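The analysis underlying the following values was restricted to heavy atoms, covering all of them including side chains, and did not include hydrogens, waters or symmetry mates. As the structure is a prediction and not an experimental result, all values here were calculated from the model.
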Amino acid sequence: MADKSLQFSLEFGNWTTTAIFPSWKGIQSRRDLYGAREQALPFDGMVEVVFIREDEGSEPLTPGEIASVEWVIENEAAISRVLFESLAKDYPDQQEFYEYSDEERAELMPNIESAGDLRALTRLHQVYVHSIQKDGIPYVGFQLGCTWEQEHASGILMHGTRTVEIGWAET
């Protein structure tokens with residue numbers, strides 16, 4: 001169950017809080033700009049969660065909006081498992097897109113054997129819970145720092161445990 005005492009603050013027109021996503025603990029630490037790697041320490045799982053209203057209203061979050069954030073926190077392990085599986089499936093296409101030299105590819109975007117191999121190449125930077133829902137489940141954007149896209153970061157839009165789109169940070 002999520003921590004019912006989440007503390008939100010209004011930052012740049014959006015309500016934000018922090019939460020620990022246990023399934024991301026131990027991944028390389030990437031807290032620099034766009035989640036670029038800043039040190040060799042493992043990630044503690046603490047992430048900023050941003051609630052995005054389509055109308056950008058600054059009114060305090062409603063109980064339903066808070067419940068959406070709590071739902072994401074409570075279900076982060078299942079969501080993250082599918083996120084990694086989807087990213088692993090898409091990874092060969094991304095390798096082709098980036099066209100790294102053999103040396104760069106070995107360092108930045110090596111071949112992987114499983115979705116778990118991506119844990120050494122990525123780090124969760126921010127989570128965006130959208131006010132838009134379908135069947136009572138919010139759409140959620142995950143911004144990832146990754147070795148192969150340090151300038152713009154990667155983004156994955158999820159609806160529950162379904163991957164909607166994989167792209168750059170704005171996804």
Side-chain angles (χ1 to χ4, degrees), residues 2 18-38 40-52 54 68-171:
T18 56
I20 293 179
F21 280 39
S23 65
W24 290 83
K25 282 185 177 180
I27 291 179
Q28 64 176 303
S29 186
R30 295 179 165 276
R31 289 194 174 155
D32 280 357
L33 184 62
Y34 296 116
R37 186 176 188 160
E38 93 285 6
L41 297 176
F43 180 49
D44 60 7
M46 182 67 72
V47 66
E48 182 179 54
V49 180
V50 181
F51 187 84
I52 304 291
E54 299 311 307
S68 290
V69 173
E70 291 172 339
W71 184 90
V72 172
I73 294 168
E74 289 171 359
N75 292 280
E76 68 84 18
I79 298 167
S80 297
R81 180 183 46 77
V82 173
L83 179 151
F84 274 120
E85 290 169 359
S86 297
L87 186 56
K89 185 177 178 183
D90 188 63
Y91 190 74
D93 290 338
Q94 290 194 35
Q95 284 178 309
E96 188 175 314
F97 172 80
Y98 283 96
E99 298 180 333
Y100 286 122
S101 69
D102 290 343
E103 288 176 0
E104 290 172 321
R105 184 174 176 165
E107 178 186 348
L108 302 174
M109 211 171 191
N111 292 335
I112 61 170
E113 293 184 23
S114 71
D117 292 344
L118 290 168
R119 293 178 63 85
L121 304 173
T122 60
R123 202 286 265 170
L124 182 57
H125 187 60
Q126 287 182 310
V127 175
Y128 298 91
V129 180
H130 293 269
S131 61
I132 297 174
Q133 296 188 4
K134 181 178 179 183
D135 300 325
I137 297 172
Y139 284 83
V140 183
F142 288 77
Q143 186 183 61
L144 307 178
C146 56
T147 55
W148 62 89
E149 181 52 78
Q150 295 179 12
E151 185 176 342
H152 302 289
S154 290
I156 300 178
L157 181 63
M158 304 290 294
H159 177 253
T161 57
R162 180 178 64 88
T163 302
V164 177
E165 183 178 352
I166 296 173
W168 285 321
E170 67 273 3
T171 303

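- Not a single donor-acceptor pair under 3.5 Å links the side chain of Asn75 to the backbone N or O of Val72.
- A distance of 12.0 Å separates CH2 of Trp71 from CD1 of Ile73, quoted to the nearest 0.5 Å.
- Here CD of Glu48 is found 8.0 Å from NE2 of His125. Values are rounded to the nearest 0.5 Å.
- Remark: Arg123 is positioned above the aromatic ring of Phe43, its terminal NZ or CZ atom under 6.0 angstrom from the ring centre and at most 45 degrees off the axis.
- Residues satisfying the side-chain contact (heavy atoms from CB on, under 4.5 Å) criterion with Glu107, sequence neighbours excluded, are absent altogether.
- Using a 4.5 Å cut-off on side-chain heavy atoms (C-beta onward), Gln143 and Thr171 make no contact.
- Every residue two or more places apart in sequence or in another chain that forms a ring pair (Phe, Tyr, Trp, His ring centres under 6.0 Å) with Tyr139 is listed here: His159.
- Side-chain contact, Tyr98 with Glu149: a donor N or O sits under 3.5 Å from an acceptor N or O.
- In the model, Ser154 has no side-chain atom that pairs as donor or acceptor with a side-chain atom of Trp168 under 3.5 Å.
- Applying the salt bridge (charged side-chain N to carboxylate O under 4.0 Å, His left out) test to every pair with at least one member in residues 85-104, sequence neighbours left out, gives these pairs: Arg81-Glu85.
- Counting heavy atoms from C-beta outward, Leu157 and Val140 have side chains that stay 4.5 Å or more apart.
- Under the rule for a side-chain contact (heavy atoms from CB on, under 4.5 Å), the partners of Thr163 that lie at least two apart in sequence or sit in another chain are Val82, Ser86, Ile156, Met158, Ile166.
- With hydrogens and angles ignored, the 3.5 Å screen pairs a side-chain donor or acceptor of Gln95 with a backbone N or O of Met109.
- For the pair Asp44 (side chain) and Met46 (backbone), a donor-acceptor distance under 3.5 Å is present.
- How far CD1 of Ile112 is from CZ of Phe84: 10.0 Å, rounded to the nearest 0.5 Å.
- Looking at heavy atoms from C-beta onward, Gln133 lies in side-chain contact with Ser68 at the 4.5 angstrom threshold.
- Looking at residues two or more places apart in sequence or on another chain, you find a side-chain contact (heavy atoms from CB on, under 4.5 Å) between Pro22 and Ile20, Glu76.
- For Tyr91, the ring pair (Phe, Tyr, Trp, His ring centres under 6.0 Å) partners two or more places apart in sequence, or in a different chain, are Trp148.
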